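It should be emphasised that the depicted structure is a prediction, and the values quoted were computed from it without experimental measurement. To find a chain, count down the sequence lines: A is the first, B the second, and so on, and within it residues start at 1.
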There are 2 protein chains.
Amino acid sequence: MPTIYDVARRARVSPSTVSRVLNGKQTVDETLAARVREAARELDYRPNALARSLRRSRTNLWAVLVSDINNPFFTALVRGVEDVARSSQYSVVLCNSDEDPDKEASYVAAILAEQMAGVIISPTGGGGPVQRLIDASVPIVAIDRQVPGATVDLVTVDNEHAATVATTHLIDEGFRHIACIAGPRDLSTARQRLDGYRRALRAAGRPIDSRLIQYADFRESGGYAAMAALLDQSPRPDAVFTTNNLMTIGALECLAERGVRVPDDVAVFGFDDVPCATLIQPPLSTVTQPTYEIGRTAAELLLARIAEPTRPPSVKVLPTEIHVRASSRRRVTKATRPA
Amino acid sequence: MPTIYDVARRARVSPSTVSRVLNGKQTVDETLAARVREAARELDYRPNALARSLRRSRTNLWAVLVSDINNPFFTALVRGVEDVARSSQYSVVLCNSDEDPDKEASYVAAILAEQMAGVIISPTGGGGPVQRLIDASVPIVAIDRQVPGATVDLVTVDNEHAATVATTHLIDEGFRHIACIAGPRDLSTARQRLDGYRRALRAAGRPIDSRLIQYADFRESGGYAAMAALLDQSPRPDAVFTTNNLMTIGALECLAERGVRVPDDVAVFGFDDVPCATLIQPPLSTVTQPTYEIGRTAAELLLARIAEPTRPPSVKVLPTEIHVRASSRRRVTKATRPA
DNA sequence: CTGTTAGCGCCTTCAA
DNA sequence: TTGAAGGCGCTAACAG
């Protein structure tokens, strides 16, 4: 690999001049600049990012550290991040903490060691490792959920509101025993969605039956188990609000396996888009988040934070969309239909 | 951030001794080693990976450069890679080329600039950028598809065989006009699956009707468009073999939208697992790949390649599984049923 | 076994 | 405007 010295020699200038030309600095004489550019091209010179970063003590790499790489919500938002990053000369790498604080800690260590320029993160519940990034003044933007015990830039949605709307819809349809499959207690997002569910019931003068609230882990298996538990107990729900996409899938699998009909026996309203939502019968009612916009907004906040590290943290709340479809609509049963 | 000099001063030894202790080198006197470790702990010292990498001229970062981050096939295999990487002190970052040679080129540039220790890649069709990595002797393992015009370590599956089995199944079920939604012509994987389809027809003495072969882009929208084209022409297929998961989804969406029944009007056999496969009605017949194993095997090949850069490239072909479900079974129609 | 020294490739004062 | 020189933090020769 040719170095800046090789280029300098070939262009008959000093290494500093090469550096200046390659970084678009100051006014270098156009004759020399042209010679430098040609020499660089001829040698297929590519700057050593390691050396440059060591010198400048920061790279041009952003990490997107998500809690579940298999959740399409997180992968979809990466595109929004990439589009902003590319236009600002950053490269984006994706890391997967898998909701595991240990893995998160090991990626945080790597981010620190590699001196990455910024981090967009959906922190795991533990919340420990992220503090290291904050302590080290690494520019950081949280997505989806807050960093426990810290105030950093955040891009999220109106979780509580959306959950209220979804639950209220189920109430208005006339369902009596509306269950909620909630996420981990230590995730702000999960708490807000559960709060929205509770608020809707309260507003309708309905009691909140804690047996109808099942906590799970935001994964498919968790949704499945929670649904199974709900079906095995009394009162058995006639509707369920599932608070993320993977848990919705798990719950639907459980219902299908047991021959429980949707929405006739149990209605379903899910949070987040579900892959192949349109292929599932009946079509699924969902709250959807603007994933691309979330990624884009987070990236823009990160740029702003890098440019001005001391600016006060800001929170962007993006709007959700509610899609009411057949899975949450009460059907007139045959028995009550006029003969 | 404390440096190795700070640790050395505090432990009253030289920086080299600190370096040796921290890297587990040679036999350092245990008294000194203990002092060093304690000093490092007290200062919360974390080595600067940039400096270390600059010095050693290689990092401990692997890149997994996939062609579509929204395809669960690719994200699922990352876990297999991570498990191997972690046990060998490498961190894994995921990059998304989005089947776009330009994006791929820009990530290749970043990988080169950051001197990453190894790359696992599913190359885009263009094939250009990967050559840079090979030229720079970056250890590289291809997954899913070959690198055009180069011989590197490769982990793939028995694409042609699996496609033959799937198509043969459709033939045996008695379908007359079996279509194929094929992938991009410049991807080895797509070619092999199409070859398998052709071979099955040939073996059954069936003509190969080129109107029944639609080329698409391995994406949902491509599958949709291809299916639409097939439905609008004559002969209209009564079965279709879709050669990847996203195109299967697109095709199913098209069929659902037009009220075409599966499998009564058109039977479907898909390649790759489809998210929420079990929720789709009718259950989908698929060829599935061992994603975790593919990731693990690729990572192991990469380790071997790093350890011995000159070893001859090897190709690992992992077995697929065929799941025949209702979407590809011929149903006895009511007309022919005994009354 | 330990310390001194030099340099990985680059950028950035500082002088000219 | 250009060049010379130093140093980012670390490791690997080389002495001792």
Side-chain angles (χ1 to χ4, degrees), chain A residues 1-37 39-40 43-61 89 109-117 136-137, chain B residues 1-37 39-40 43-61 89 109-117 136-137:
Chain A
M1 293 272 277
T3 76
I4 207 170
Y5 286 90
D6 300 319
V7 178
R9 202 171 311 123
R10 184 170 248 267
R12 283 164 291 131
V13 296
S14 74
S16 348
T17 301
V18 176
S19 172
R20 283 191 272 258
V21 172
L22 266 30
N23 290 293
K25 284 279 174 62
Q26 304 174 209
T27 41
V28 177
D29 184 273
E30 188 45 45
T31 322
L32 294 192
R35 283 220 309 265
V36 167
R37 276 189 286 268
L43 294 171
D44 190 29
Y45 168 76
R46 354 200 102 246
N48 181 326
L50 254 27
R52 168 183 287 172
S53 302
L54 177 60
R55 182 59 232 257
R56 300 214 267 225
S57 57
R58 67 154 238 263
T59 64
N60 43 205
L61 232 44
Q89 309 281 34
I111 288 166
L112 247 23
E114 303 288 338
Q115 321 251 64
M116 294 196 189
S137 316
Chain B
M1 293 273 276
T3 75
I4 207 170
Y5 286 88
D6 299 318
V7 177
R9 201 171 312 121
R10 185 170 249 267
R12 283 165 289 129
V13 296
S14 75
S16 356
T17 300
V18 176
S19 172
R20 284 191 272 257
V21 172
L22 266 31
N23 289 294
K25 284 280 175 62
Q26 306 174 207
T27 42
V28 176
D29 184 274
E30 188 44 46
T31 321
L32 294 192
R35 284 217 310 264
V36 167
R37 274 188 287 268
L43 294 171
D44 191 28
Y45 168 76
R46 355 200 100 250
N48 182 324
L50 254 27
R52 167 182 289 171
S53 302
L54 177 59
R55 187 57 235 253
R56 299 213 270 225
S57 60
R58 66 156 239 261
T59 64
N60 42 206
L61 232 44
Q89 309 281 35
I111 288 166
L112 247 23
E114 302 289 338
Q115 321 249 67
M116 295 198 189
S137 315

Check: What's the CD1-P distance between B/I4 and D/dA12, to the nearest Å?
Finding: 11 Å
Check: Between the side chain of B/N23 and the main-chain N/O of B/K25, is any donor-acceptor distance below 3.5 Å?
Finding: no
Checklist line | Value in whole Å for how far the C1' atom of C/dG7 lies from CZ of B/R56 | finding: 16 Å
Margin query: Applying a 4.0 Å non-hydrogen cut-off, can you work out what A/P15 is touching in the nucleic acid: base, sugar-phosphate, or nothing?
Written below: nothing
Next item on the list: Could you please name the option among D/dC10, D/dT11, C/dT13 that lies closest to any side-chain atom of B/S19?
Entry: D/dT11
Margin query: For D/dA4, does the base pair up with any side-chain atom of A/S16 as donor and acceptor (N or O, under 3.5 Å, distance only)?
Written below: yes
Check: A/T59 and A/A117: which non-hydrogen atoms are nearest, and at how many Å?
Finding: O-CB, 3.1 Å
Check: B/D6 has an atom CG; how far is it from atom C1' of D/dG9, in whole Å?
Finding: 11 Å
Notebook entry, point to check: Taking atom C1' of C/dG7 as reference, at what distance in whole Å does atom CG of B/L54 sit?
Noted result: 9 Å
Next item on the list: Taking only the side-chain nitrogens and oxygens of A/K25, find out if one of them lies under 4.0 Å from OP1 or OP2 of C/dT12.
Entry: yes
Next item on the list: Could you state the atom-to-atom distance from CD of A/E30 to C1' of D/dT1 in whole Å?
Entry: 13 Å
Check: Between B/R35 (CZ) and C/dG3 (C1'), how many Å, whole number?
Finding: 14 Å
Next item on the list: Provide, to the nearest angstrom, the distance between the CG atom belonging to B/L22 and the C1' atom belonging to D/dT11.
Entry: 12 Å
Notebook entry, point to check: Quick one: is D/dG9 close enough that its OP1 or OP2 comes under 4.0 Å of any side-chain N or O from B/R52?
Noted result: no
Check: Among the nucleotides D/dA12, D/dT1, D/dT11, which one has an atom lying closest to any side-chain atom of A/D29?
Finding: D/dT1
Next item on the list: Report yes or no: is there a donor-acceptor pair, N or O only, under 3.5 Å between the side chain of B/R55 and the base of C/dG9?
Entry: no
Item checked: side-chain hydrogen bond (donor to acceptor under 3.5 Å, both in side chains) assessment of B/S14 paired with B/T17 -> CA-CA 5 Å; B/S14 75; B/T17 300; 3.2 Å; yes
Notebook entry, point to check: Taking OP1 and OP2 of D/dT11, is either one under 4.0 Å from a side-chain nitrogen or oxygen of B/N23?
Noted result: yes
Note to self: Can you give me the closest heavy-atom contact between B/Y45 and B/L22, atom names plus distance?
What the structure shows: CE2-CD2, 3.4 Å
Margin query: Base, sugar-phosphate or nothing for A/L32? Non-hydrogen atoms, less than 4.0 Å.
Written below: sugar-phosphate
Margin query: So, OP1 or OP2 of D/dG9: does either fall under 4.0 Å of a side-chain N or O from B/T3?
Written below: no
Margin query: So, OP1 or OP2 of D/dT11: does either fall under 4.0 Å of a side-chain N or O from B/Y5?
Written below: no
Note to self: If the cut-off is 4.0 Å, is A/T17 near the phosphate of D/dG3, judged by side-chain N/O to OP1 or OP2?
What the structure shows: yes
Check: Where do B/L112 and B/A136 come nearest, in terms of heavy atoms and distance?
Finding: CD1-CB, 3.8 Å
